[in-house]
Amino acid sequence: QLQLVESGGGLVQPGGSLRLSCVVSGFTLNYYAIGWFRQAPGKEREGVSCISRSGSSTNYRDSVKARFTISRDVAKNTVYLQMNSLKPEDTAIYYCAAARNYCSGYVFPYDYWGQGTQVTVSS
């Protein structure tokens with residue numbers, strides 16, 4: 001139960017786009033906030049975006065605002081992260097995670113994590 005599986009990562013040129021998917025299972029999506037985090041080599045895991053359990057509220061770190069969009073499809077048990085205008089500094093392993101109640105930009109409130117998908121932005 002309570003599994004999350006990311007997909008959609010890959011190699012893209014600067015300015016390009018990718019859409020990440022996070023398929024969740026074993027729980028009701030409406031009772032968990034789903035966050036996207038990323039971790040680059042030598043850096044700590046950082047929050048990227050989050051969507052509330054109702055789907056009505058979203059959050060983004062400043063560096064990705066206006067470029068990334070989080071959304072969900074309840075029927076497919078899937079949360080997406082649309083990433084546009086990608087920059088080399090976006091290169092990282094991207095993880096989705098589930099937290100009870102509400103979104104947080106910190107790692108510790110999230111109880112369940114996917115295995116990650118690699119995003120590489122390079123010419």
Distance (rounded to the nearest 0.5 Å) between [X] [atom1] and [Y] [atom2]:
| X | Y | atom1 | atom2 | result |
| --- | --- | --- | --- | --- |
| Cys22 | Ile70 | SG | CD1 | 9.0 Å |
| Leu2 | Ser25 | CG | OG | 8.0 Å |
| Ser17 | Gln82 | OG | CD | 5.5 Å |
| Ile34 | Leu4 | CD1 | CG | 5.5 Å |
| Ser49 | Trp36 | OG | CH2 | 10.0 Å |
| Leu29 | Ile51 | CG | CD1 | 8.0 Å |

Would you mind reporting whether [Y] and [X] have side-chain heavy atoms less than 4.5 Å apart?
| X | Y | result |
| --- | --- | --- |
| Thr120 | Val12 | no |
| Pro14 | Pro88 | yes |
| Glu46 | Arg61 | yes |
| Ser7 | Leu20 | no |
| Gln3 | Val24 | no |
| Leu81 | Val79 | no |
| Tyr32 | Tyr112 | yes |
| Val5 | Gln115 | no |

Check which hydrophobic residues are tied to Val107 through side-chain heavy-atom contacts below 4.5 Å, counting indirect links as well, and list them.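 Besides Val107, the cluster holds Phe37, Ile93, Tyr95, Tyr110, Trp113.
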Please lay out, stage by stage, how Leu18 and Val119 fare under the test side chain to side chain contact (heavy atoms under 4.5 Å, CB included). CA-CA 9 Å; Leu18 285 173; Val119 172; 3.9 Å; yes
Let me see the working for Tyr94 and Arg38 under side chain to side chain donor-acceptor pair (under 3.5 Å), right down to the final yes or no. CA-CA 4 Å; Tyr94 283 71; Arg38 65 187 182 187; 3.0 Å; yes
Would you call Lys87 and Asp90 a salt bridge, taking side-chain N to carboxylate O under 4.0 Å as the test? no
Taking [Y]'s backbone N and O only, do any of them form a donor-acceptor pair with [X]'s side chain (distance below 3.5 Å, no angle check)?
| X | Y | result |
| --- | --- | --- |
| Thr117 | Gly9 | yes |
| Arg67 | Ser85 | yes |
| Glu6 | Gly116 | yes |
| Ser21 | Tyr80 | no |

Regarding [X] and [Y], do their side chains bring together a donor and an acceptor under 3.5 Å, going by distance alone?
| X | Y | answer |
| --- | --- | --- |
| Arg72 | Asn30 | yes |
| Thr78 | Asp73 | no |
| Ser54 | Ser52 | yes |

Are more than 12 heavy atoms from other residues, nucleotides or ligands located less than 6.0 Å from atom CD of Gln13? no
More than 12 foreign heavy atoms under 6.0 Å from CD of Glu89: is that the case here?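 Enclosed.
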Common cluster, Leu11/Met83, ILVMFWY with side-chain heavy-atom separation under 4.5 Å: no
Distance flag, aromatic centroids of Tyr60 and Phe68, threshold under 6.0 Å: no
